[in-house]
Q: 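Let me begin by handing over the structure; questions about it come next.
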Number of protein chains: 2
Amino acid sequence: MANSYISQAVIKRLPRYMRFLSEIRAEGIERISSRELSERMNVTASQIRQDLNHFGGFGQQGYGYNVQNLIEEIGKILGLDQAHNLIVVGAGNLGRALAGYSNFESRGLYIRALFDIQPEGTVSEVRGLKVYGMDELPVFLKEHNIDIAVLTIPKEHVREVAQLLYDLGIRGFWNFAHIDLALPPDAVVENVHLSESLMQLTYYMKHPNEVAE
Amino acid sequence: MANSYISQAVIKRLPRYMRFLSEIRAEGIERISSRELSERMNVTASQIRQDLNHFGGFGQQGYGYNVQNLIEEIGKILGLDQAHNLIVVGAGNLGRALAGYSNFESRGLYIRALFDIQPEGTVSEVRGLKVYGMDELPVFLKEHNIDIAVLTIPKEHVREVAQLLYDLGIRGFWNFAHIDLALPPDAVVENVHLSESLMQLTYYMKHPNEVAE
DNA sequence: TAGATTGTTAATCGATTAACAATC
DNA sequence: TAGATTGTTAATCGATTAACAATC
(Lines give C-alpha, C1' and ligand atoms only; values in the text may rest on other atoms or scores of the structure.)
Protein backbone atom coordinates (compact mmCIF):
# COMPACT_ATOMS: atom_id res chain seq x y z
CA MET A 1 0.00 0.00 0.00
CA ALA A 2 1.61 3.21 -1.16
CA ASN A 3 2.16 5.59 1.72
CA SER A 4 2.90 9.30 1.53
CA TYR A 5 5.49 9.95 4.21
CA ILE A 6 8.47 7.66 4.08
CA SER A 7 11.21 7.86 6.68
CA GLN A 8 14.72 8.71 5.63
CA ALA A 9 15.94 5.38 7.00
CA VAL A 10 13.92 3.64 4.31
CA ILE A 11 15.03 5.99 1.51
CA LYS A 12 18.68 5.43 2.39
CA ARG A 13 18.26 1.71 1.90
CA LEU A 14 16.64 1.89 -1.53
CA PRO A 15 19.84 2.57 -3.51
CA ARG A 16 21.47 -0.31 -1.68
CA TYR A 17 18.64 -2.60 -2.78
CA MET A 18 19.27 -1.34 -6.30
CA ARG A 19 22.93 -2.23 -6.09
CA PHE A 20 22.37 -5.75 -4.85
CA LEU A 21 19.50 -6.44 -7.21
CA SER A 22 21.61 -5.27 -10.14
CA GLU A 23 24.33 -7.67 -9.10
CA ILE A 24 21.79 -10.46 -8.80
CA ARG A 25 20.40 -9.67 -12.21
CA ALA A 26 23.92 -9.70 -13.65
CA GLU A 27 24.24 -13.23 -12.29
CA GLY A 28 21.27 -14.20 -14.41
CA ILE A 29 18.91 -14.74 -11.49
CA GLU A 30 15.32 -13.84 -12.34
CA ARG A 31 13.48 -14.20 -9.06
CA ILE A 32 14.43 -13.84 -5.45
CA SER A 33 12.67 -14.15 -2.11
CA SER A 34 12.99 -11.63 0.67
CA ARG A 35 14.82 -14.25 2.69
CA GLU A 36 17.44 -14.91 0.01
CA LEU A 37 17.96 -11.21 -0.55
CA SER A 38 18.19 -10.61 3.18
CA GLU A 39 21.00 -13.13 3.50
CA ARG A 40 23.01 -11.45 0.77
CA MET A 41 22.46 -7.99 2.16
CA ASN A 42 22.81 -8.81 5.82
CA VAL A 43 19.46 -7.39 6.83
CA THR A 44 16.23 -9.06 7.93
CA ALA A 45 13.73 -10.36 5.42
CA SER A 46 11.08 -8.58 7.45
CA GLN A 47 12.77 -5.25 6.87
CA ILE A 48 12.93 -5.79 3.14
CA ARG A 49 9.25 -6.65 2.90
CA GLN A 50 8.32 -3.79 5.21
CA ASP A 51 10.44 -1.33 3.19
CA LEU A 52 9.03 -2.36 -0.17
CA ASN A 53 5.47 -2.32 1.04
CA HIS A 54 5.73 1.36 1.78
CA PHE A 55 5.55 1.77 -1.98
CA GLY A 56 3.43 -1.11 -3.14
CA GLY A 57 3.16 -4.85 -3.32
CA PHE A 58 5.88 -5.78 -5.77
CA GLY A 59 6.08 -9.43 -4.85
CA GLN A 60 3.92 -12.46 -5.20
CA GLN A 61 3.05 -14.93 -2.46
CA GLY A 62 4.76 -18.24 -2.87
CA TYR A 63 7.04 -16.83 -5.57
CA GLY A 64 9.00 -13.89 -4.24
CA TYR A 65 10.07 -10.92 -6.31
CA ASN A 66 10.92 -10.68 -9.98
CA VAL A 67 14.39 -9.15 -10.01
CA GLN A 68 14.05 -7.11 -13.17
CA ASN A 69 10.64 -5.82 -12.16
CA LEU A 70 11.82 -4.85 -8.70
CA ILE A 71 14.79 -2.95 -10.13
CA GLU A 72 12.42 -1.01 -12.34
CA GLU A 73 10.01 -0.28 -9.52
CA ILE A 74 12.69 0.95 -7.14
CA GLY A 75 14.14 2.95 -10.02
CA LYS A 76 10.82 4.71 -10.44
CA ILE A 77 10.63 5.43 -6.73
CA LEU A 78 14.12 6.93 -6.81
CA GLY A 79 13.26 9.09 -9.80
CA LEU A 80 15.62 7.21 -12.07
CA ASP A 81 12.92 6.51 -14.63
CA GLN A 82 13.49 9.96 -16.03
CA ALA A 83 16.94 11.12 -17.09
CA HIS A 84 18.78 13.75 -15.07
CA ASN A 85 21.29 16.15 -16.54
CA LEU A 86 24.10 17.22 -14.25
CA ILE A 87 26.93 19.66 -14.26
CA VAL A 88 29.96 19.56 -12.02
CA VAL A 89 30.97 22.93 -10.62
CA GLY A 90 34.60 22.88 -9.60
CA ALA A 91 36.93 21.04 -11.95
CA GLY A 92 39.51 19.95 -9.40
CA ASN A 93 40.41 16.34 -8.75
CA LEU A 94 37.16 15.55 -6.97
CA GLY A 95 35.04 17.14 -9.67
CA ARG A 96 36.97 15.26 -12.32
CA ALA A 97 36.66 12.03 -10.39
CA LEU A 98 32.88 12.34 -10.19
CA ALA A 99 32.65 13.39 -13.83
CA GLY A 100 34.57 10.24 -14.66
CA TYR A 101 32.15 7.87 -12.91
CA SER A 102 30.93 5.88 -15.84
CA ASN A 103 28.25 3.95 -13.97
CA PHE A 104 26.06 6.99 -13.34
CA GLU A 105 24.88 6.82 -16.92
CA SER A 106 23.44 3.35 -16.46
CA ARG A 107 21.10 4.97 -13.92
CA GLY A 108 20.04 7.77 -16.21
CA LEU A 109 22.32 10.35 -14.60
CA TYR A 110 24.25 12.25 -17.25
CA ILE A 111 27.04 14.64 -16.43
CA ARG A 112 27.04 17.15 -19.27
CA ALA A 113 29.92 19.50 -18.46
CA LEU A 114 32.24 20.89 -15.83
CA PHE A 115 32.51 24.50 -14.78
CA ASP A 116 35.33 26.28 -13.05
CA ILE A 117 36.62 29.77 -12.41
CA GLN A 118 39.69 28.63 -14.33
CA PRO A 119 38.00 27.15 -17.37
CA GLU A 120 41.08 26.32 -19.33
CA GLY A 121 44.00 24.96 -17.36
CA THR A 122 46.35 22.26 -18.35
CA VAL A 123 43.63 19.67 -18.79
CA SER A 124 40.44 20.74 -20.48
CA GLU A 125 38.53 17.55 -20.97
CA VAL A 126 37.34 14.67 -18.79
CA ARG A 127 35.80 11.82 -20.70
CA GLY A 128 35.07 14.17 -23.55
CA LEU A 129 33.44 16.73 -21.24
CA LYS A 130 34.44 20.34 -21.55
CA VAL A 131 35.41 22.60 -18.68
CA TYR A 132 33.59 25.90 -19.10
CA GLY A 133 33.97 29.22 -17.39
CA MET A 134 31.36 30.35 -14.88
CA ASP A 135 30.13 33.06 -17.20
CA GLU A 136 28.87 30.41 -19.58
CA LEU A 137 26.54 28.91 -16.96
CA PRO A 138 23.29 30.73 -17.80
CA VAL A 139 23.25 29.76 -21.46
CA PHE A 140 24.45 26.23 -20.87
CA LEU A 141 21.89 25.43 -18.17
CA LYS A 142 19.03 26.53 -20.38
CA GLU A 143 20.22 24.76 -23.49
CA HIS A 144 20.97 21.46 -21.79
CA ASN A 145 18.07 21.23 -19.38
CA ILE A 146 20.36 20.77 -16.38
CA ASP A 147 18.57 19.95 -13.13
CA ILE A 148 21.36 18.87 -10.75
CA ALA A 149 24.59 20.65 -9.83
CA VAL A 150 27.47 18.78 -8.25
CA LEU A 151 29.38 21.21 -6.07
CA THR A 152 33.06 20.41 -5.70
CA ILE A 153 34.35 23.86 -4.90
CA PRO A 154 35.93 25.19 -1.69
CA LYS A 155 33.49 25.91 1.12
CA GLU A 156 34.30 29.62 1.00
CA HIS A 157 32.53 29.96 -2.34
CA VAL A 158 29.85 27.33 -2.19
CA ARG A 159 27.02 29.39 -0.72
CA GLU A 160 27.45 32.09 -3.31
CA VAL A 161 27.72 29.68 -6.22
CA ALA A 162 24.77 27.62 -5.00
CA GLN A 163 22.63 30.73 -4.77
CA LEU A 164 23.63 31.68 -8.30
CA LEU A 165 22.68 28.25 -9.57
CA TYR A 166 19.42 28.37 -7.64
CA ASP A 167 18.60 31.71 -9.24
CA LEU A 168 19.29 30.13 -12.62
CA GLY A 169 16.72 27.46 -11.86
CA ILE A 170 18.73 24.53 -10.51
CA ARG A 171 16.90 22.70 -7.71
CA GLY A 172 19.08 19.66 -7.06
CA PHE A 173 22.41 20.11 -5.30
CA TRP A 174 24.96 17.44 -4.48
CA ASN A 175 27.30 19.30 -2.20
CA PHE A 176 30.81 18.13 -1.33
CA ALA A 177 31.97 21.31 0.39
CA HIS A 178 32.42 21.06 4.15
CA ILE A 179 29.36 23.00 5.15
CA ASP A 180 25.71 22.14 5.46
CA LEU A 181 24.40 23.98 2.47
CA ALA A 182 21.02 25.59 3.05
CA LEU A 183 18.82 26.92 0.26
CA PRO A 184 15.12 27.82 -0.12
CA PRO A 185 12.77 24.93 0.69
CA ASP A 186 12.08 24.00 -2.92
CA ALA A 187 15.74 23.17 -3.40
CA VAL A 188 16.92 19.68 -2.55
CA VAL A 189 20.39 19.45 -1.08
CA GLU A 190 22.38 16.34 -0.39
CA ASN A 191 25.44 17.14 1.66
CA VAL A 192 28.35 14.72 1.51
CA HIS A 193 30.84 15.13 4.31
CA LEU A 194 33.69 12.81 3.53
CA SER A 195 35.85 13.77 6.46
CA GLU A 196 33.03 12.88 8.84
CA SER A 197 32.97 9.42 7.36
CA LEU A 198 36.70 9.09 7.99
CA MET A 199 36.26 10.12 11.61
CA GLN A 200 33.70 7.39 12.09
CA LEU A 201 36.38 5.00 10.94
CA THR A 202 38.89 6.29 13.48
CA TYR A 203 36.23 6.00 16.18
CA TYR A 204 35.67 2.33 15.48
CA MET A 205 39.42 1.72 15.27
CA LYS A 206 39.77 3.13 18.76
CA HIS A 207 36.76 1.22 20.09
CA PRO A 208 37.18 -2.22 18.58
CA ASN A 209 34.48 -3.93 20.61
CA GLU A 210 31.71 -1.97 19.01
CA VAL A 211 30.57 -3.13 15.61
CA ALA A 212 30.37 -0.57 12.84
CA GLU A 213 27.34 -0.46 10.54
CA MET B 1 28.56 8.77 32.77
CA ALA B 2 30.73 6.88 30.34
CA ASN B 3 28.86 4.00 28.79
CA SER B 4 30.33 1.10 26.85
CA TYR B 5 27.98 0.50 23.94
CA ILE B 6 27.22 3.59 21.93
CA SER B 7 24.77 3.49 19.05
CA GLN B 8 25.93 4.33 15.57
CA ALA B 9 23.44 7.19 15.42
CA VAL B 10 25.42 8.92 18.14
CA ILE B 11 28.81 8.20 16.57
CA LYS B 12 27.68 9.66 13.26
CA ARG B 13 26.85 12.93 14.95
CA LEU B 14 30.18 13.37 16.72
CA PRO B 15 32.16 14.55 13.67
CA ARG B 16 29.41 17.02 12.95
CA TYR B 17 29.73 18.42 16.47
CA MET B 18 33.44 18.72 15.77
CA ARG B 19 32.82 20.70 12.64
CA PHE B 20 30.44 23.17 14.23
CA LEU B 21 32.49 23.56 17.38
CA SER B 22 35.59 24.27 15.28
CA GLU B 23 33.68 26.97 13.44
CA ILE B 24 32.52 28.41 16.73
CA ARG B 25 36.04 28.40 18.09
CA ALA B 26 37.25 30.14 14.93
CA GLU B 27 34.74 32.87 15.69
CA GLY B 28 36.48 33.41 18.98
CA ILE B 29 33.62 32.06 21.11
CA GLU B 30 34.87 30.33 24.26
CA ARG B 31 31.71 28.89 25.81
CA ILE B 32 28.42 27.69 24.44
CA SER B 33 25.25 26.23 25.90
CA SER B 34 23.52 23.18 24.48
CA ARG B 35 20.65 25.45 23.49
CA GLU B 36 22.84 27.83 21.49
CA LEU B 37 24.64 24.96 19.81
CA SER B 38 21.35 23.24 19.04
CA GLU B 39 20.09 26.32 17.23
CA ARG B 40 23.17 26.48 15.03
CA MET B 41 23.10 22.79 14.25
CA ASN B 42 19.37 22.40 13.86
CA VAL B 43 19.03 19.65 16.43
CA THR B 44 17.51 19.61 19.90
CA ALA B 45 19.49 20.71 22.93
CA SER B 46 18.30 17.56 24.61
CA GLN B 47 19.95 15.44 21.97
CA ILE B 48 23.26 17.23 22.34
CA ARG B 49 23.29 16.77 26.12
CA GLN B 50 22.17 13.18 25.80
CA ASP B 51 24.85 12.45 23.18
CA LEU B 52 27.68 13.99 25.15
CA ASN B 53 26.67 12.30 28.38
CA HIS B 54 27.26 8.93 26.82
CA PHE B 55 30.93 9.77 27.20
CA GLY B 56 31.09 11.95 30.25
CA GLY B 57 29.95 15.20 31.80
CA PHE B 58 31.83 17.77 29.78
CA GLY B 59 29.69 20.74 30.74
CA GLN B 60 29.02 22.74 33.82
CA GLN B 61 25.64 23.67 35.23
CA GLY B 62 24.81 27.31 34.79
CA TYR B 63 27.74 27.78 32.40
CA GLY B 64 27.46 25.44 29.45
CA TYR B 65 30.41 23.92 27.64
CA ASN B 66 33.90 25.23 27.10
CA VAL B 67 34.34 25.12 23.33
CA GLN B 68 38.03 24.28 23.27
CA ASN B 69 37.65 21.62 25.93
CA LEU B 70 34.70 20.02 24.17
CA ILE B 71 36.61 19.86 20.87
CA GLU B 72 39.43 18.09 22.65
CA GLU B 73 37.13 15.65 24.41
CA ILE B 74 35.25 14.71 21.25
CA GLY B 75 38.60 14.44 19.48
CA LYS B 76 39.70 11.88 22.06
CA ILE B 77 36.47 9.94 21.65
CA LEU B 78 36.97 9.86 17.88
CA GLY B 79 40.54 8.69 18.25
CA LEU B 80 41.96 11.92 16.87
CA ASP B 81 44.20 12.47 19.88
CA GLN B 82 46.68 10.10 18.31
CA ALA B 83 47.96 10.63 14.78
CA HIS B 84 46.94 8.28 11.99
CA ASN B 85 49.07 7.53 8.96
CA LEU B 86 47.20 6.81 5.76
CA ILE B 87 47.97 5.63 2.30
CA VAL B 88 45.75 6.02 -0.74
CA VAL B 89 45.57 2.95 -2.93
CA GLY B 90 44.48 3.91 -6.41
CA ALA B 91 45.96 7.11 -7.78
CA GLY B 92 43.11 8.10 -10.07
CA ASN B 93 41.22 11.34 -9.77
CA LEU B 94 39.39 10.31 -6.61
CA GLY B 95 42.54 9.11 -4.91
CA ARG B 96 44.33 12.30 -5.84
CA ALA B 97 41.39 14.37 -4.65
CA LEU B 98 41.42 12.74 -1.23
CA ALA B 99 45.20 12.95 -1.04
CA GLY B 100 44.82 16.66 -1.70
CA TYR B 101 42.44 17.31 1.20
CA SER B 102 44.54 19.64 3.30
CA ASN B 103 42.21 19.76 6.27
CA PHE B 104 42.73 16.14 7.26
CA GLU B 105 46.07 17.07 8.76
CA SER B 106 44.48 19.46 11.22
CA ARG B 107 42.72 16.39 12.63
CA GLY B 108 45.88 14.34 12.91
CA LEU B 109 45.20 12.33 9.77
CA TYR B 110 48.29 12.23 7.57
CA ILE B 111 48.27 10.82 4.07
CA ARG B 112 51.79 9.58 3.48
CA ALA B 113 51.76 8.23 -0.06
CA LEU B 114 49.71 6.93 -2.98
CA PHE B 115 49.98 3.50 -4.52
CA ASP B 116 48.89 2.36 -7.91
CA ILE B 117 49.44 -0.47 -10.34
CA GLN B 118 50.76 2.23 -12.66
CA PRO B 119 53.16 3.96 -10.32
CA GLU B 120 54.61 6.39 -12.75
CA GLY B 121 52.21 7.92 -15.20
CA THR B 122 52.11 11.43 -16.42
CA VAL B 123 51.71 12.93 -12.96
CA SER B 124 53.78 11.46 -10.17
CA GLU B 125 53.16 13.77 -7.26
CA VAL B 126 50.16 15.14 -5.40
CA ARG B 127 51.00 17.74 -2.79
CA GLY B 128 54.49 16.40 -2.69
CA LEU B 129 53.29 12.82 -2.21
CA LYS B 130 54.80 10.11 -4.31
CA VAL B 131 52.89 7.50 -6.25
CA TYR B 132 54.46 4.12 -5.60
CA GLY B 133 54.01 0.76 -7.23
CA MET B 134 52.12 -1.98 -5.40
CA ASP B 135 55.29 -4.00 -4.92
CA GLU B 136 56.64 -1.30 -2.64
CA LEU B 137 53.73 -1.66 -0.20
CA PRO B 138 55.25 -4.09 2.34
CA VAL B 139 58.34 -2.03 3.04
CA PHE B 140 56.53 1.28 3.03
CA LEU B 141 53.81 0.18 5.45
CA LYS B 142 56.35 -1.01 7.99
CA GLU B 143 58.61 2.00 7.72
CA HIS B 144 55.85 4.55 7.98
CA ASN B 145 53.59 2.94 10.55
CA ILE B 146 50.55 3.13 8.28
CA ASP B 147 47.28 2.14 9.93
CA ILE B 148 44.60 3.22 7.45
CA ALA B 149 44.24 2.47 3.75
CA VAL B 150 42.02 4.58 1.52
CA LEU B 151 40.76 2.38 -1.28
CA THR B 152 40.02 4.22 -4.51
CA ILE B 153 40.43 1.38 -6.93
CA PRO B 154 37.85 -0.32 -9.15
CA LYS B 155 35.53 -2.72 -7.37
CA GLU B 156 36.91 -5.65 -9.37
CA HIS B 157 40.21 -5.45 -7.52
CA VAL B 158 39.24 -4.13 -4.14
CA ARG B 159 38.68 -7.41 -2.30
CA GLU B 160 42.03 -8.76 -3.36
CA VAL B 161 43.91 -5.56 -2.55
CA ALA B 162 42.14 -5.20 0.78
CA GLN B 163 43.08 -8.73 1.74
CA LEU B 164 46.69 -8.03 0.80
CA LEU B 165 46.70 -4.92 2.96
CA TYR B 166 45.05 -6.80 5.80
CA ASP B 167 47.74 -9.48 5.60
CA LEU B 168 50.32 -6.71 5.79
CA GLY B 169 48.77 -5.52 9.04
CA ILE B 170 46.42 -2.72 8.01
CA ARG B 171 43.22 -2.70 10.06
CA GLY B 172 41.48 0.51 8.99
CA PHE B 173 39.87 0.67 5.54
CA TRP B 174 38.11 3.61 3.97
CA ASN B 175 36.53 2.02 0.94
CA PHE B 176 35.20 3.97 -2.05
CA ALA B 177 34.65 1.01 -4.36
CA HIS B 178 31.03 0.13 -5.06
CA ILE B 179 30.86 -2.96 -2.92
CA ASP B 180 30.39 -3.58 0.77
CA LEU B 181 33.87 -4.65 1.66
CA ALA B 182 34.01 -7.41 4.24
CA LEU B 183 37.14 -8.41 6.12
CA PRO B 184 37.93 -10.34 9.31
CA PRO B 185 36.26 -8.91 12.42
CA ASP B 186 39.33 -7.11 13.70
CA ALA B 187 39.37 -4.95 10.59
CA VAL B 188 37.33 -1.77 10.58
CA VAL B 189 35.76 -0.86 7.28
CA GLU B 190 33.96 2.32 6.39
CA ASN B 191 32.23 1.98 3.05
CA VAL B 192 31.43 5.16 1.14
CA HIS B 193 28.87 4.71 -1.58
CA LEU B 194 28.72 8.00 -3.41
CA SER B 195 26.23 6.94 -6.04
CA GLU B 196 23.78 5.93 -3.31
CA SER B 197 23.96 9.44 -1.94
CA LEU B 198 23.13 10.81 -5.38
CA MET B 199 20.11 8.54 -5.64
CA GLN B 200 18.80 9.89 -2.37
CA LEU B 201 18.97 13.29 -3.97
CA THR B 202 16.96 12.20 -6.99
CA TYR B 203 14.40 10.61 -4.66
CA TYR B 204 13.81 13.87 -2.82
CA MET B 205 13.67 15.78 -6.11
CA LYS B 206 10.87 13.50 -7.24
CA HIS B 207 9.07 13.67 -3.88
CA PRO B 208 9.29 17.35 -2.97
CA ASN B 209 6.88 17.22 -0.06
CA GLU B 210 9.14 15.09 2.04
CA VAL B 211 11.95 16.85 3.81
CA ALA B 212 15.45 15.47 3.42
CA GLU B 213 17.75 15.17 6.42
C1' DT C 1 22.11 34.05 46.77
C1' DA C 2 19.42 33.81 42.28
C1' DG C 3 19.68 32.51 37.59
C1' DA C 4 21.21 29.54 34.31
C1' DT C 5 22.10 25.27 32.47
C1' DT C 6 23.66 20.80 32.98
C1' DG C 7 23.11 15.65 33.83
C1' DT C 8 19.80 12.28 34.02
C1' DT C 9 15.37 10.02 34.46
C1' DA C 10 10.90 9.35 32.50
C1' DA C 11 7.74 9.76 28.57
C1' DT C 12 7.14 9.63 23.88
C1' DC C 13 7.89 8.57 19.45
C1' DG C 14 9.47 5.86 15.60
C1' DA C 15 11.76 2.02 13.52
C1' DT C 16 12.65 -2.86 13.47
C1' DT C 17 11.39 -7.49 14.10
C1' DA C 18 8.19 -11.25 14.75
C1' DA C 19 4.23 -13.59 13.58
C1' DC C 20 0.75 -15.29 10.73
C1' DA C 21 -3.35 -15.07 7.78
C1' DA C 22 -3.84 -14.35 2.89
C1' DT C 23 -2.83 -16.09 -1.45
C1' DC C 24 -0.19 -17.39 -5.38
C1' DT D 1 -3.81 -29.24 -3.75
C1' DA D 2 0.33 -28.40 -0.75
C1' DG D 3 4.20 -25.54 -0.12
C1' DA D 4 6.15 -21.28 -0.22
C1' DT D 5 6.32 -16.64 0.57
C1' DT D 6 4.22 -12.36 0.57
C1' DG D 7 1.63 -8.33 2.77
C1' DT D 8 0.40 -6.60 6.99
C1' DT D 9 -0.66 -6.34 11.86
C1' DA D 10 1.10 -6.63 16.44
C1' DA D 11 5.01 -6.76 19.62
C1' DT D 12 9.40 -5.27 20.67
C1' DC D 13 13.13 -2.59 20.73
C1' DG D 14 15.75 1.62 20.55
C1' DA D 15 16.30 6.47 19.87
C1' DT D 16 14.62 11.08 20.68
C1' DT D 17 12.44 14.48 23.35
C1' DA D 18 10.62 16.42 27.57
C1' DA D 19 11.04 17.50 32.18
C1' DC D 20 13.23 18.71 36.28
C1' DA D 21 16.20 18.08 40.31
C1' DA D 22 21.04 18.93 41.01
C1' DT D 23 24.44 22.27 41.06
C1' DC D 24 27.61 25.63 39.34
Side-chain angles (χ1 to χ4, degrees), chain A residues 1-14 16-17 21 24 29-71 73-74 77 200 203 210-213, chain B residues 1-14 16-17 21 24 29-71 73-74 77 200 203 210-213:
Chain A
M1 183 215 311
N3 195 344
S4 62
Y5 173 76
I6 313 286
S7 81
Q8 211 198 338
V10 175
I11 305 311
K12 276 197 153 129
R13 286 193 289 266
L14 294 179
R16 189 157 181 268
Y17 292 138
L21 288 166
I24 288 160
I29 296 168
E30 284 180 14
R31 51 175 272 203
I32 194 158
S33 70
S34 57
R35 187 185 52 74
E36 290 169 306
L37 186 57
S38 74
E39 284 164 7
R40 285 195 182 234
M41 296 186 64
N42 234 19
V43 298
T44 65
S46 217
Q47 181 168 75
I48 292 174
R49 293 204 299 278
Q50 192 74 277
D51 281 353
L52 296 177
N53 278 96
H54 282 111
F55 305 99
F58 304 135
Q60 198 166 82
Q61 283 96 333
Y63 171 87
Y65 299 86
N66 177 283
V67 175
Q68 175 61 28
N69 176 251
L70 194 50
I71 289 173
E73 291 292 349
I74 298 176
I77 296 163
Q200 280 188 70
Y203 174 88
E210 299 172 34
V211 184
E213 48 195 305
Chain B
M1 187 212 311
N3 194 344
S4 63
Y5 173 75
I6 313 287
S7 80
Q8 211 197 339
V10 175
I11 306 310
K12 276 197 154 132
R13 287 193 288 265
L14 294 179
R16 189 158 181 268
Y17 291 138
L21 288 165
I24 288 161
I29 296 168
E30 283 180 14
R31 51 175 274 203
I32 194 160
S33 70
S34 58
R35 188 186 50 75
E36 289 169 307
L37 186 56
S38 76
E39 284 164 6
R40 284 195 182 232
M41 294 187 65
N42 234 19
V43 297
T44 64
S46 216
Q47 181 167 75
I48 293 174
R49 293 203 300 278
Q50 192 74 277
D51 282 353
L52 296 178
N53 278 96
H54 283 111
F55 305 99
F58 304 135
Q60 198 168 84
Q61 283 97 331
Y63 172 88
Y65 299 86
N66 178 284
V67 175
Q68 175 62 28
N69 176 252
L70 194 51
I71 289 172
E73 292 291 350
I74 298 177
I77 296 162
Q200 279 188 70
Y203 174 87
E210 298 171 35
V211 184
E213 49 196 303

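Because the structure is predicted, anything quoted here is derived from the model rather than measured. To find a chain, count down the sequence lines: A is the first, B the second, and so on, and within it residues start at 1.
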Q: Indicate whether OP1 or OP2 belonging to D:dG14 is found under 4.0 Å from a side-chain N or O atom of B:Ser7.
A: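 Indeed not, no polar side-chain atom of B:Ser7 lies that close.
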Q: With no hydrogens and no angle check, do the side chains of B:Ser33 and B:Glu36 hold a donor and an acceptor under 3.5 Å apart?
A: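 Note: B:Ser33 and B:Glu36 side chains meet the donor-acceptor criterion.
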Q: For every nucleotide of nucleotides 17-24 of chain D, 5' to 3': is a protein heavy atom under 4.0 Å from its base (B), only from its sugar-phosphate (S), or from neither (-)?
A: BBBB-BBB
Q: Enumerate the residue pairs fulfilling salt bridge (Lys or Arg N to Asp or Glu O under 4.0 Å) with a member in residues 54-66 of chain B, sequence neighbours excluded, ordered by first and then second residue.
A: none
Q: Nearest 0.5 Å, what's the CD1-CD1 distance between B:Ile24 and B:Ile32?
A: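 Nearest 0.5 Å value for the CD1-CD1 distance: 3.5 Å.
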Q: Which heavy atom of A:Tyr17 sits nearest a heavy atom of A:Ile48, and at what distance?
A: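 A:Tyr17 and A:Ile48 have their closest heavy atoms at OH-CA, 3.6 Å.
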Q: Distance check, rounded to the nearest 0.5 Å: A:Leu14 atom CG versus A:Asp51 atom CG?
A: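 The distance works out to 7.0 Å.
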Q: Only Watson-Crick and G-U wobble pairs, only distances under 3.5 Å, only runs of 3 or more: what stems does that leave for DNA chain C?
A: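 Paired runs of 3+ in DNA chain C: C:3-24 with D:3-24.
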Q: Please name the pair of heavy atoms, one in B:Asn66 and one in B:Asn69, separated by the smallest distance, quoted to 0.1 Å.
A: OD1-N, 2.8 Å
Q: Can any side-chain N or O of B:Arg16 pair as donor or acceptor with the backbone N or O of B:Met41 at less than 3.5 Å?
A: yes
Q: Take a 6.0 Å sphere around CD of B:Glu30 and say whether it holds more than 12 heavy atoms from other residues, nucleotides or ligands.
A: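 Result for CD/B:Glu30: open.
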Q: Please determine if a side-chain N or O atom of A:Ser34 lies less than 4.0 Å away from the OP1 or OP2 oxygen of D:dT5.
A: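 Looking at the OP1 and OP2 atoms of D:dT5, neither is under 4.0 Å from any side-chain N or O of A:Ser34.
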Q: For the pair made of CG in A:Leu70 and C1' in D:dT5, what is the distance, rounded to whole Å?
A: 15 Å
Q: So, is A:Tyr65 near the phosphate of D:dA4, with a side-chain N or O under 4.0 Å from OP1 or OP2?
A: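 No, A:Tyr65 has no side-chain N/O under 4.0 Å of OP1/OP2 on D:dA4.
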Q: Return the value, rounded to whole Å, for the distance between atom NZ of B:Lys12 and atom P of D:dA15.
A: 12 Å
